[in-house]
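What follows is a short report on a single structure.
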Amino acid sequence: KVANNIMIALYAVVVLSMLIPIFDYLLRIPGSKEPFWELSYHPNVYISLTAAAIKIFCFVFGLVNALKGMFSPKRMGAVIVGNYIAMCISAFMVLPQMAGMRLFSWQSLHGLFLRGIGWQTIGALMVLLLPNVIGAVAAFCYFLWGKKQTVWPVLIIIASVIEITMTVINKITILNRYSDMFTLNHSLSLILNIAIYGLFIFQTVTLLIKRQRVKAASASKN
């Protein structure tokens, strides 16, 4: 019961943190010089909206199930896997920038493949995608597939710690280089990411302890 109450509080914080920037963006649309229907054709917008929609759906799903007391390991896993998939999608928006391009576009992506993928691009791909791919695969195996090997929760925890570390480094860099740009959205984004991956670590450790207790109880009976 205590663990479920903690999950409810964390899911509520995450959902609220996701909705506040959306409301802020919608409130700023009337004052924008560029019409929203023109922005909607940019690939960055499609990528951002797709990733955000997946995240919001997953965490609202998690919050509803936590409130109902129906949060099974498989449903936990669905939320975690969905978040990592959304992060993989978001990586494609940042990847061309790390490869020396200003913005993601169909032309820049085409040019990226024409000129070849260099070490910088490979490094960006590894940094952005690999932790999320590992997290998605490990969460699928541990939560959804029911694999009980210790390697899966360890990989989930490592992927979550990497994402927290990368977020903190990114925000510190923005604060040091562009202090005027460190807005409320950046602060909320930092809190949001720490809350999300802290929640994943908590859920993973909780399930690991539960399975170890069940295993120990079965061994004592035998």
I'd like to check Val137 versus Leu155 (side-chain heavy atoms, cut-off strictly below 4.5 Å). Are they in contact? no

Can you tell me how far CG of Asn170 sits from CG of Leu190, rounded to the nearest 0.5 angstrom? 9.5 Å

Co-membership, hydrophobic cluster, residues Leu67 and Val60, 4.5 Å side-chain: yes

Kindly give the heavy-atom pair with the smallest separation between Gly146 and Arg211, and that separation in Å. CA-NH2, 4.0 Å

Are Ile191 and Phe202 connected in the hydrophobic side-chain network, where two residues link if heavy atoms are under 4.5 Å apart? no

According to a 4.5 Å side-chain heavy-atom criterion applied to Ile, Leu, Val, Met, Phe, Trp and Tyr, with indirect links allowed, do Leu199 and Ile194 form part of one hydrophobic cluster? yes

Check: Tyr84 and Phe200 side chains under 4.5 Å, non-hydrogen atoms: yes

Check Ile201 against Ser160 and note the closest heavy-atom contact, atom names and distance. CG1-CB, 3.7 Å

Do the non-hydrogen side-chain atoms of Val161 and Tyr197 ever get within less than 4.5 Å of each other? no

Qualifying side-chain hydrogen bond (donor to acceptor under 3.5 Å, both in side chains) pairs, either residue in residues 51-78, two or more places apart: Asn65-Arg75

With Ile54, which residues qualify under side chain to side chain contact (heavy atoms under 4.5 Å, CB included), at least two apart? Thr50, Cys58, Ala86, Ile89

Let me confirm one number: the OG1-CD1 distance from Thr167 to Ile172, rounded to the nearest 0.5 Å. 11.0 Å

Rounded to the nearest 0.5 Å, what separates atom OG1 in Thr204 from atom CD1 in Ile80? 4.5 Å

Minimum heavy-atom distance Pro73-Leu207, with the two atoms named: CG-CD1, 3.8 Å

Under a 4.5 Å cut-off applied to non-hydrogen side-chain atoms, are Phe143 and Val81 in contact? no

Would you sort out whether Ile157 and Val205 count as a side chain to side chain contact (heavy atoms under 4.5 Å, CB included), showing the intermediate values? CA-CA 9 Å; Ile157 293 171; Val205 172; 4.0 Å; yes

Looking only at heavy atoms, the pair that brings Pro131 and Ile162 closest together is CG-CG2, 3.8 Å

Distance from Ile56 atom CD1 to Asn83 atom CG, nearest 0.5 Å? 12.0 Å

Are Cys88 and Val133 side-chain neighbours, meaning at least one heavy-atom pair lies under 4.5 Å? yes

Connected via hydrophobic side-chain network under 4.5 Å: Val168 and Met87: yes

State, with a plain yes or no, whether a side-chain heavy atom of Asn193 is found less than 4.5 Å away from one of Ile164. no

Could you list the donor-acceptor pairs under 3.5 angstrom formed between side-chain atoms of residues 7-16 and any protein atom two or more places apart in sequence or on another chain?
| unit_1 | atom_1 | unit_2 | atom_2 | d |
| --- | --- | --- | --- | --- |
| Tyr11 | OH | Gln203 | NE2 | 3.1 |

Do Phe61 and Val64 share a hydrophobic cluster (ILVMFWY, side-chain heavy atoms under 4.5 Å, transitive)? yes

Contact summary for Ile156 and Gly135, nearest pair of heavy atoms: CG1-O, 4.5 Å

